[in-house]
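Single-structure report; data block below.
Remember, predicted model here, so these are calculated numbers, not experimental data. Proteins get letters first, then strands, A, B, ... in listed order; numbering begins at 1 in each.
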There are 2 protein chains.
Amino acid sequence: MKFEAVTIKDIAIALGLSTSTVSRALRDSYEISPATKKNVLEYAEKINYRPNPIALSLKEKRSHSIGVIVCEIANSFFSQAINGIESIAYSKGYNVIISQSHESYDREVIDLNYLASRSIDGLLISVSAETENFSHLQSLHDRGFPIVFFDRAVESIHTHKVIVDNNKGAFDATEHLIKNGFQRIANLAGSPHLSITKDRIMGYRNAIETNGLHYEEAYTQYCLHGGMVYEEVEKALDAMMALSNKPDAIVASADKLTTNCIRYFKSKNIRVPEDVALIGFSNLDIADLLLPSLSVVRQPAFAMGQIATELLLKMIESKRAVSDFENRVLPLEIMVRESSSKLK
Amino acid sequence: MKFEAVTIKDIAIALGLSTSTVSRALRDSYEISPATKKNVLEYAEKINYRPNPIALSLKEKRSHSIGVIVCEIANSFFSQAINGIESIAYSKGYNVIISQSHESYDREVIDLNYLASRSIDGLLISVSAETENFSHLQSLHDRGFPIVFFDRAVESIHTHKVIVDNNKGAFDATEHLIKNGFQRIANLAGSPHLSITKDRIMGYRNAIETNGLHYEEAYTQYCLHGGMVYEEVEKALDAMMALSNKPDAIVASADKLTTNCIRYFKSKNIRVPEDVALIGFSNLDIADLLLPSLSVVRQPAFAMGQIATELLLKMIESKRAVSDFENRVLPLEIMVRESSSKLK
DNA sequence: GAAATTGTCGGGAACGATTGCGTAAAAAAA
DNA sequence: TTTTTTTACGCAATCGTTCCCGACAATTTC
């Protein structure tokens with residue numbers, strides 16, 4: 001079934017004009033008489049003419065759409081970031097095409113090829129937890145394709161990046177636990193391939209050592225899929241809880257890690273914060289409704305999406321190749337609730 | 001900054017052939033000699049040629065992309081539904097363009113015009129809570145544009161619809177409360193403009209009356225924005241709780257209504273289920289982690305997205321106009337947890 | 001009154017790819 | 001050798017739009 005749209009040609013034939021004249025009349029060109037303009041405009045309105053964006057894209061070599069690749073839209077952080085992306089993109093007349101990698105490298109490559117071949121003008125990406133090899137992004141970037149990273153950036157690729165101060169966030173969260181009297185603080189970490197994981201571990205370790213505690217290797221456990229699969233979280237936490245001096249507090253370094261951590265505690269009847277305290281990176285908007293209410297490190301997701309989009313559009317619309325890349329680092333917000341409080 | 005892609009013309013010039021020959025070689029036409037084919041294929045591979053989808057769209061009058069309009073992607077139900085949509089669309093070579101109405105009629109109209117003018121081949125929509133006037137959809141549908149409704153359908157527009165058995169879902173949820181000994185059951189309802197709201201109220205009322213309870217008008221309160229704004233939920237619940245015989249249980253009829261209801265109870269120190277029991281429509285994947293764990297009516301969101309997309313693609317790819325429209329009604333699942341249990 | 005200017009508009013190429021049709025050369029049939 | 005067939009390719013139109021030119025008329029200038 002096909003949906004036949006009205007074209008400039010239809011107007012031209014109906015009014016006995018040429019397509020060039022109609023086109024010019026619609027664009028309010030000075031070389032068209034007011035009478036003709038009026039005719040064309042009225043007729044176009046009457047038959048509900050809409051310019052064909054595909055024809056325009058072909059001519060302008062610009063699709064006015066941008067691609068977004070995230071691991072999962074059913075994740076508070078990313079859906080909030082996408083809201084930010086959308087708000088800027090739509091206001092500037094750009095379309096947003098969203099793809100999900102589901103934390104899989106293969107899916108990310110497929111999505112990327114698909115998007116790139118669909119003639120998007122630029123890409124916003126937060127790489128998947130599994131991704132170690134960045135050649136698919138590198139080659140596109142080398143050919144001059146506009147890419148902006150947000151949240152999970154690739155260090156080796158030199159382009160705009162919008163990230164948060166993961167180091168400080170993890171430091172503050174860890175220090176908050178220490179200040180509350182916890183001594184054996186573990187770190188439930190995401191994929192070791194991600195730079196954000198490294199930064200968060202660094203902040204965590206720094207807080208431990210700065211405050212005169214002993215940094216314990218076994219207190220940091222990685223989850224390759226960033227907590228997407230419960231089993232990896234379970235395995236990581238099992239390992240921690242099996243230690244002779246098991247942790248009395250945990251810093252969970254990602255949205256899904258945090259919620260699955262809570263699920264683990266619930267299933268094992270481990271009380272929070274009595275048995276183990278918890279603070280986690282999370283953008284969940286019902287963190288306050290959990291049992292116990294959850295202390296979180298919250299990312300400015302909406303703003304990140306907005307800034308990343310602004311940078312991308314600036315790059316797309318710039319005449320010359322951009323070489324002066326920005327590295328925006330946004331602050332994290334710590335929201336203290338019950339899960340990290342010390343009970344007497 | 002522009003990203004110059006390789007075209008068929010580049011290959012033709014480099015190999016001293018015509019564009020038609022190159023095109024045919026790439027499509028493995030029988031009228032091209034094996035030697036030429038080999039040359040073209042190898043060179044195309046070498047310079048990483050990708051056909052320009054925009055040029056193809058222009059020629060075929062098909063963009064191979066579908067539009068999706070939902071109220072909010074930061075909503076478990078819709079993000080799960082979008083996952084279902086994506087899974088089918090991508091497997092069939094279609095792109096998905098997502099727009100959010102944020103429950104606003106104006107935004108919905110803008111999104112629709114934008115998408116329609118962006119040459120999408122078809123539309124999946126779950127109408128906004130505010131929408132009363134459906135002429136924007138009707139006129140598109142009248143002109144033969146493929147539209148499939150999911151979840152929130154428009155009764156007056158005759159096309160494929162994928163919905164759930166809201167009546168039975170609300171009936172079962174209400175009856176579950178009655179069976180658990182609750183007597184004064186209230187209904188926190190969504191927008192009165194939506195057919196799903198009417199169906200859910202009908203199921204609720206039916207359960208009340210079938211079980212010999214008295215149907216009380218004041219026990220049903222509407223939220224025009226479907227719970228998106230906390231204040232309307234607060235107002236609705238304030239009205240209920242101010243009644244002389246205030247309810248001892250509540251059926252919340254949408255995702256956001258349910259979570260905001262919990263937020264209300266928490267802020268007012270109303271205990272669940274001791275003071276008021278609660279069961280709500282929700283696709284939240286951490287309903288079991290709330291305090292108390294939340295009894296829910298869960299929609300098969302992923303499957304709904306998949307089915308809706310299959311129907312839409314079938315409509316798009318059908319040669320003739322479709323007139324035999326399906327109305328798929330999927331079952332709801334009730335998951336009983338603590339929030340609706342009767343404590344002695 | 002002839003020349004220059006201005007106002008309006010149409011023809012046609014271009015964007016990238018596909019495809020019906022035409023045709024040269026080579027191969028097969030006569 | 002001549003005619004027919006096959007092979008292998010090129011030309012040009014098409015999709016919808018824009019825009020560079022060219023053109024004709026009316027108007028203004030000298």
Side-chain angles (χ1 to χ4, degrees), chain A residues 2-41 43-44 47-65 93 116-121 143, chain B residues 2-41 43-45 47-65 93 116-121 143 316:
Chain A
K2 56 185 182 299
F3 174 68
E4 297 288 352
V6 181
T7 74
I8 266 191
K9 204 172 171 183
D10 298 327
I11 304 180
I13 291 171
L15 267 51
L17 294 169
S18 73
T19 57
S20 3
T21 304
V22 175
S23 171
R24 270 182 275 252
L26 290 169
R27 318 196 115 250
D28 201 29
S29 160
Y30 69 95
E31 32 183 3
I32 302 299
S33 72
T36 307
K37 268 184 199 169
K38 187 163 173 289
N39 272 339
V40 171
L41 256 30
Y43 187 73
I47 62 173
N48 196 30
Y49 167 79
R50 299 267 173 258
N52 182 331
I54 294 188
L56 285 175
S57 295
L58 183 59
K59 238 195 142 359
E60 294 176 7
K61 299 186 167 212
R62 290 264 305 278
S63 65
H64 281 274
S65 55
S117 85
R118 293 302 293 187
S119 302
I120 53 169
D121 296 339
R143 281 183 284 156
Chain B
K2 56 186 184 298
F3 172 68
E4 296 289 353
V6 181
T7 74
I8 261 191
K9 203 172 173 182
D10 299 325
I11 303 180
I13 292 171
L15 266 52
L17 294 168
S18 75
T19 57
S20 8
T21 304
V22 175
S23 171
R24 271 182 272 251
L26 291 169
R27 316 196 115 251
D28 200 28
S29 161
Y30 70 95
E31 35 182 0
I32 302 300
S33 72
T36 308
K37 268 184 198 169
K38 187 164 172 288
N39 272 338
V40 171
L41 256 31
Y43 187 73
E45 167 75 16
I47 63 173
N48 196 32
Y49 167 78
R50 298 267 172 258
N52 182 333
I54 294 188
L56 286 174
S57 296
L58 184 58
K59 218 178 157 11
E60 294 176 7
K61 299 184 167 212
R62 289 265 304 278
S63 64
H64 281 273
S65 55
S117 85
R118 293 301 294 187
S119 303
I120 52 170
D121 296 339
R143 282 183 284 157
I316 290 171

Between the base of [N] and the side chain of [X], is one N or O donor paired with an acceptor at under 3.5 angstrom?
{"X": "A:R50", "N": "D:dG16", "value": "no"}
{"X": "B:S33", "N": "D:dC9", "value": "no"}
{"X": "A:R24", "N": "C:dG7", "value": "no"}
{"X": "B:K59", "N": "C:dA17", "value": "no"}

Does any N or O in the side chain of [X] come within less than 3.5 Å of the main-chain N or O of [Y], such that one atom is a donor and the other an acceptor?
{"X": "B:S63", "Y": "B:S57", "value": "no"}
{"X": "B:D121", "Y": "B:R62", "value": "no"}
{"X": "A:S29", "Y": "A:I32", "value": "no"}

Calculate the interatomic distance between [X] atom [atom1] and [N] atom [atom2]; express it in whole Å.
{"X": "B:L56", "N": "D:dG16", "atom1": "CG", "atom2": "C1'", "answer": "15 Å"}
{"X": "B:L58", "N": "C:dA14", "atom1": "CG", "atom2": "C1'", "answer": "12 Å"}
{"X": "B:I13", "N": "C:dA17", "atom1": "CD1", "atom2": "P", "answer": "12 Å"}
{"X": "B:R62", "N": "D:dG16", "atom1": "CZ", "atom2": "P", "answer": "15 Å"}
{"X": "A:H64", "N": "D:dT17", "atom1": "NE2", "atom2": "C1'", "answer": "13 Å"}
{"X": "A:K9", "N": "D:dT14", "atom1": "NZ", "atom2": "C1'", "answer": "9 Å"}
{"X": "B:I54", "N": "D:dC15", "atom1": "CD1", "atom2": "C1'", "answer": "13 Å"}
{"X": "A:I8", "N": "C:dG10", "atom1": "CD1", "atom2": "P", "answer": "13 Å"}

Residue pair B:E31/B:N52 against DNA chain C: nearer the 5' end by closest nucleotide is B:N52

Using a heavy-atom cut-off of 4.0 Å across all strands, would you classify [X] as base, sugar-phosphate, or nothing?
{"X": "A:T36", "answer": "sugar-phosphate"}
{"X": "B:L17", "answer": "sugar-phosphate"}
{"X": "A:T7", "answer": "sugar-phosphate"}

Quick one: is [N] close enough that its OP1 or OP2 comes under 4.0 Å of any side-chain N or O from [X]?
{"X": "B:T21", "N": "D:dC9", "answer": "no"}
{"X": "B:S18", "N": "D:dG10", "answer": "yes"}
{"X": "A:K37", "N": "C:dT8", "answer": "no"}
{"X": "B:Y30", "N": "D:dC9", "answer": "no"}
{"X": "B:R27", "N": "C:dT18", "answer": "yes"}
{"X": "A:T19", "N": "D:dT17", "answer": "no"}

Given B:S23 and B:S20, is the side-chain hydrogen bond (donor to acceptor under 3.5 Å, both in side chains) satisfied, shown in steps? CA-CA 5 Å; B:S23 171; B:S20 8; over 6 Å; no

CD/B:E31: more than 12 non-hydrogen atoms of other groups inside 6.0 Å: yes

Taking the minimum atom-to-atom distance to the side chain of B:I32, which one of D:dC9, D:dT17, D:dC11 wins?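 When the side chain of B:I32 is considered, D:dC9 is the closest of D:dC9, D:dT17, D:dC11.
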
State the CG-OH distance between B:L26 and B:Y43, to the nearest 0.5 angstrom. 12.5 Å

